[in-house]
Amino acid sequence: MRLLTHNMLSSNIKGVTNGYPLRLEAEKWSVKEVDLNRDFLTNIFPRIEWRPLVDAARSLGLSSLPDDADPSMLNSDDFLKGFHHALLEIHVEEGALICPETGRRFPINKGIPNMLLHEDEV
């Protein structure tokens with residue numbers, strides 16, 4: 001699971017009003033190089049919730065992202081490289097996503113987050 005995916009997932013448990021962002025607990029993760037695509041990064045930037053991305057990256061020990069970001073930073077090659085690396089090259093293989101409201105753990109196995117709800121959560 002890439003941090004791009006993490007940034008877009010939320011808990012949909014019945015009754016949960018604050019299911020985003022999910023806290024990331026990674027047991028195993030890897031880096032898989034991907035060609036940098038400036039156009040993709042520029043177009044996806046407005047859709048990214050910056051603070052959850054930074055928090056997820058820092059939970060993995062990546063501290064290269066700034067605390068805050070704005071569109072003017074997309075003109076910086078250094079910023080783009082760090083944004084690209086965090087968003088697209090880090091792959092969480094094993095771990096869990098935790099609902100901020102209920103503490104419900106959604107497992108990540110072989111890079112796939114299991115967001116299926118139990119019968120009583122629907």
Would you check if Arg23 and Cys99 make a side-chain contact, meaning some heavy-atom pair closer than 4.5 Å? no

Any luck finding a side-chain donor-acceptor pair between Ser30 and Glu93 under 3.5 Å? yes

Would you find more than 12 non-hydrogen atoms of other residues, nucleotides or ligands less than 6.0 Å from Asp67 atom CG? yes

For the CG atom of Leu116 and the NE2 atom of His118, what is their distance to the nearest 0.5 Å? 9.0 Å

For the atom pair CG (Leu22) and CD (Glu101), what is the distance rounded to the nearest 0.5 Å? 11.5 Å

What's the separation between atom OG in Ser59 and atom CD in Glu25, rounded to the nearest 0.5 Å? 8.5 Å

Do Trp29 and Ile98 sit in the same hydrophobic cluster, where Ile, Leu, Val, Met, Phe, Trp and Tyr count as joined when their side-chain heavy atoms come under 4.5 Å apart? no

Does Ile108 reach the side chain of Glu94, with side-chain heavy atoms less than 4.5 Å apart? no

Considering all heavy atoms, the nearest Met115-Ser10 contact: CE-O, 3.5 Å

Non-hydrogen side-chain atoms of Leu88 and Glu33 separated by less than 4.5 Å: no

If hydrophobic clusters are built from ILVMFWY residues whose side chains come within less than 4.5 Å, do Leu41 and Leu62 share one? yes

Rounded to the nearest 0.5 Å, what separation is found between the CG atom of Asn7 and the CZ atom of Arg51? 12.0 Å

dist Asp68:CG -> Leu65:CG (nearest 0.5 Å) comes out at 11.5 Å

I want to check something: taking the side chain as every heavy atom from C-beta on, are Asn114 and Asn109 in contact at a cut-off of under 4.5 Å? no

Side chains of Leu3 and Leu24, heavy atoms from C-beta outward: is any pair under 4.5 Å? yes

What are the two closest non-hydrogen atoms of Val54 and Pro66, and how far apart are they? CG2-O, 3.4 Å

For Glu89, salt bridge (charged side-chain N to carboxylate O under 4.0 Å, His left out) partners two or more places apart: none

Quick one: CG on Leu87 to CD1 on Ile48, what's the gap to the nearest 0.5 Å? 4.5 Å

Within residues 73-82 or reaching into it, pairs that qualify as side chain to side chain donor-acceptor pair (under 3.5 Å) - sequence neighbours excluded: Arg38-Asp77

Side-chain heavy atoms nearer than 4.5 Å, only ILVMFWY residues, links allowed to pass through others: does that put Phe106 and Val92 together? yes

Applying salt bridge (charged side-chain N to carboxylate O under 4.0 Å, His left out), can you list everything that pairs with Glu121, at least two apart in sequence or on another chain? Arg104

Assigning hydrophobic clusters by single linkage (Ile, Leu, Val, Met, Phe, Trp, Tyr; side-chain heavy-atom cutoff under 4.5 Å), is Leu4 placed with Val34? no

Would you call the rings of Phe83 and Trp50 parallel, tilted or perpendicular if under 30° counts as parallel and over 60° as perpendicular? tilted

According to a 4.5 Å side-chain heavy-atom criterion applied to Ile, Leu, Val, Met, Phe, Trp and Tyr, with indirect links allowed, do Ile112 and Leu60 form part of one hydrophobic cluster? no

Run Leu9 and Met1 through side-chain contact (heavy atoms from CB on, under 4.5 Å) and show every step you take. CA-CA 11 Å; Leu9 292 175; Met1 177 191 76; 4.3 Å; yes

Looking at His85 and Val31, would you say the former's side chain and the latter's main chain have a donor-acceptor pair under 3.5 Å? no

For a quick test of reading the model, state the closest non-hydrogen atom pair linking Ser64 to Gly82 and the distance between them. OG-CA, 4.5 Å

Would you say the side chain of Ser11 lies within less than 4.5 Å of the side chain of Tyr20, judging by non-hydrogen atoms? no

Val122 side chain near Lys14 side chain, heavy-atom distance below 4.5 Å: no

